[in-house]
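In what follows, chains are A, B, ... by sequence order, proteins preceding strands, each numbered from 1. Keep in mind it's a predicted model, so treat the numbers as computed, not measured.
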Amino acid sequence: MKSPKLKILSWIAQFAAAAIMGQTLYFKFAAHPESVQLFTELGMEPHGRLLIGAFELIACVLLLIPSSIVYGALLGACLMAGAIIGHITELGWEGPRLQLGSLAIAVFACCITTLIIRRRELPLLKAIQTEKPTKRARPKD
Amino acid sequence: MSTKLAINLHKLARFTNTAIPIFTLLSFLAGWRISFYFHFLTVPMIGLTLINYYYLFAQRNHSLLRNFGILGQGRYMLESLGPELRQYLYSGDTEERPFNRTERAEVYRKANNVDSASSFGSQNDFDATEVKLRHSLFPISKENLLPYRLTFGEERGIQKTYTLTVPFIISGMSYGALGKSAIRSLARGIAQTGGLMNTGEGGYPKYHLMENCDLAFQIGTAKFGVRQEDGTLDDQRLADLAAKDQVRLIELKLSQGAKPGKGGMLPKEKITAEISELRGVPMGQDVVSPTHHPECEDYHSTVAFIRRIQEVSHLPVGIKLCMGDPRQFAELVAEMKRQDSFPDWITIDGAEGGTGAAPKAFIDRVGMPLFPALKSAQDALVSAGVRQRLKLVASGKLINPGSQIIAFCLGADAIATARGFMLSIGCIQAMQCGSNTCPVGITSHNPKLERGIDIADKALRVANYVHSLEHDLDELLCAAGARCVRELSFDHLYVPNETLLYPFAHRI
Ligand SMILES: Cc1cc2nc3c(=O)[nH]c(=O)nc-3n(C[C@H](O)[C@H](O)[C@H](O)COP(=O)(O)O)c2cc1C
């Protein structure tokens with residue numbers, strides 16, 4: 001079904017998403033002051049930080065296991081949507097926050113790309129799509 | 001005013017479609033103003049809103065979703081759960097098709113060598129729709145039974161006759177329809193009983209040959225394995241195959257119960273590189289065999305072609321067909337008589353027969369059911385005075401002793417079954433033979449699914465199944481007062497007026 005090119009694109013997106021999410025995990029779990037600062041502003045210190053870190057870890061793993069990619073992408077997209085909301089409503093985009101925010105957007109985009117390429121694997125949205133009508137030879141007269 | 005306490009689904013759907021975005025907005029506000037934790041709700045709700053809008057406005061495939069949105073999906077979900085729910089929870093023991101739970105359970109018990117005695121009473125009907133065996137007032141005991149022997153080819157006095165000692169033949173199933181583990185399990189199991197297995201029309205029977213069982217090689221309309229470029233028979237290749245020790249019989253398939261008048265079908269999902277090589281067909285597209293053999297254009301050429309196969313192979317040669325019009329069958333027999341040339345056996349496959357893949361219309365609506373077809377064949381042969389010139393084999397849902405004994409009474413010399421043996425190696429009737437997704441790996445070429453089959457264990461089940469069937473056949477023969485199946489006749493049957501056999505019955 002999927003063309004090999006799309007498949008490669010999907011894997012690139014998955015790796016990118018997992019890599020970016022994965023490298024922020026360290027800061028979250030190690031209670032890096034900047035991370036603590038972020039979550040304090042959100043009013044989620046410390047449980048929220050650890051909870052979201054755990055979810056991100058799960059998303060990273062799911063994104064790399066072939067049979068669960070779509071679910072990883074779905075979870076990742078949800079988490080990043082949350083992060084983006086955070087930037088919009090509380091954190092803002094100044095200084096280093098801009099970089100963090102754009103990384104969240106990048107991961108979000110990667111997850112959505114993966115989801116779109118692999119939409120057939122989702123349990124929802126299964127339409128029986130045949131765009132082309134079938135052909136049948138008719139006698140000409 | 002309606003007094004029904006029913007939920008108005010239209011209103012509910014409209015309410016849901018309005019409530020979802022509002023609820024999303026509320027949780028967003030709560031997340032913003034009260035606690036960021038509320039955004040754990042906001043995000044999925046945004047997703048739900050988007051999906052709902054997609055269903056309502058973007059997709060065009062499902063009218064129900066266009067009109068009602070996400071709630072409509074509930075219907076599809078429930079519907080897709082239906083078959084499982086019904087199978088596991090709601091359908092009665094005698095309701096399912098093609099085999100109900102009682103019938104399947106009997107095979108499973110036989111395959112596991114568990115005592116199949118039941119208690120309290122029968123679940124079957126005793127009304128006018130059920131044929132029963134008439135037992136004798138004077139049953140005989142087992143010592144008086146004659147051992148089962150059926151020699152194919154004895155009528156023609158050929159050298160390489162084949163003597164069947166197990167009356168239950170594994171009916172044709174090709175490598176392609178079945179996976180290799182299933183085939184090897186069946187082959188190994190039947191070898192343990194000394195019985196016979198038919199290869200099906202899958203070309204060179206590589207996996208059937210592995211377990212040292214006796215084989216009947218089947219020539220389908222596409223002649224896989226023995227085909228020339230133009231689709232006609234390659235004599236040399238047939239002779240080579242027939243020279244193999246294990247190949248004891250040749251069966252020419254004219255038609256098959258599940259799709260009479262149509263060639264075999266192998267869906268592209270199931271064509272692996274190996275199968276495409278064994279059959280000589282391309283990968284990536286469905287393979288549909290021709291409707292008939294180019295050599296068999298009419299009665300005369302058909303009989304001549306059977307004779308040619310007999311001459312080329314030096315083996316007993318039979319034909320397999322599903323009865324369409326008994327008059328045509330009678331005409332075929334008359335032509336055999338005219339040319340004084342008979343196949344060594346005829347397999348009558350009932351329209352209820354199974355298949356790996358066939359069009360629904362053919363599965364459901366084409367061909368005569370086994371019992372009347374078998375009886376017509378027997379009558380045609382008897383009235384032409386040639387019944388002793390060949391053997392009759394019957395197939396079509398004959399998976400249990402109760403139905404097998406009826407076929408014997410109708411004139412069958414041996415029974416062939418495909419699905420009975422599939423059930424014996426663990427088929428759960430998931431009905432996915434054509435899609436390569438068989439959950440128990442019998443009709444799949446996916447190694448992950450085939451992994452479920454342990455060949456040694458399944459072979460044992462095949463042998464158990466055969467031995468239990470033989471045991472029950474013996475007991476039924478004793479009850480009927482017959483020493484062997486040949487002594488059974490139509491008069492041993494009680495045929496009430498709503499059965500398919502009633503038109504053939506002279507007394508009740
Ligand atoms: C999976 C499967 C594959 C089959 N393949 C063949 C085949 O290759 N050639 C053939 O003549 N019949 C084929 N059949 C039909 C059986 O040989 C048999 O005639 C039919 O199923 C009736 O027997 P049953 O009701 O005991 O299963 C196949 C049946 C099944 C279920």
Side-chain angles (χ1 to χ4, degrees), chain A residues 1 35 37-56 58-59 66-67 70-71 73-92 104 107-108 111-112 115-116 119-120 122-134, chain B residues 20 24-81 268-269 284 286 359 435-437 446 448-449:
Chain A
M1 283 238 200
S35 186
Q37 168 67 20
L38 279 178
F39 280 92
T40 316
E41 277 179 43
L42 293 174
M44 298 175 89
E45 249 308 295
H47 302 297
R49 173 166 53 83
L50 295 176
L51 192 65
I52 288 182
F55 275 132
E56 286 184 348
I58 294 173
S67 54
V70 278
Y71 302 100
L74 200 61
L75 185 56
C78 285
L79 290 168
M80 290 308 120
I84 294 168
I85 291 177
H87 278 275
I88 293 173
T89 57
E90 314 276 345
L91 305 173
V107 174
F108 184 73
C111 289
I112 295 291
L115 276 177
I116 291 176
R119 61 186 179 282
R120 291 290 170 99
L122 280 170
L124 289 173
L125 300 176
K126 217 161 272 166
I128 316 141
Q129 277 160 343
T130 45
E131 276 89 27
K132 280 184 239 140
T134 48
Chain B
I20 290 178
T24 311
L25 191 65
L26 286 180
S27 55
F28 177 76
L29 290 176
W32 187 21
R33 290 279 142 197
I34 302 172
S35 157
F36 199 83
Y37 282 107
F38 274 102
H39 286 316
F40 276 113
L41 249 168
T42 315
V43 173
M45 287 307 294
I46 293 177
L48 212 59
T49 315
L50 291 179
I51 292 176
N52 203 24
Y53 282 129
Y54 168 77
Y55 281 166
L56 286 169
F57 302 111
Q59 64 88 26
R60 292 148 191 278
N61 217 277
H62 303 288
S63 314
L64 194 66
L65 297 182
R66 264 175 97 71
N67 287 345
F68 298 109
I70 192 114
L71 265 202
Q73 171 128 30
R75 183 199 164 271
Y76 291 103
M77 271 158 66
L78 282 181
E79 191 186 32
S80 71
L81 280 179
K268 58 177 178 300
E269 288 80 12
D286 294 353
S435 50
N436 206 25
T437 54
N446 179 345
K448 285 185 193 141
L449 293 170

Segment of B:Phe28 engaging chain A (4.5 angstrom heavy-atom cut-off): side chain
- prompt: Mind checking whether A:Ile116 and A:Arg119 have side chains closer than 4.5 Å, heavy atoms only?
  reply: yes
task: Answer with side chain, backbone, both or neither: which region of A:Ile52 has an atom nearer than 4.5 Å to a non-hydrogen atom of chain B?
output: side chain
query: Tell me, side chain or backbone of A:Ile88 under 4.5 Å from chain B's heavy atoms, or both, or neither?
result: neither
- request: Over all heavy atoms of both residues, which pair between B:Tyr37 and A:Gly48 is shortest? Give the atoms and the distance, please.
  value: OH-N, 2.9 Å
query: Contact part of B:Ser35 toward chain A, heavy-atom cut-off under 4.5 Å: side chain, backbone, both or neither?
result: neither
message: With side-chain contact (heavy atoms from CB on, under 4.5 Å) as the criterion, how do B:Phe68 and B:Gln73 come out once you've worked through the C-alpha distance, each side chain's angles and the decisive distance to 0.1 Å?
response: CA-CA 9 Å; B:Phe68 298 109; B:Gln73 171 128 30; over 6 Å; no
Heavy-atom side-chain proximity of B:His62 to B:Tyr76 below 4.5 angstrom: yes
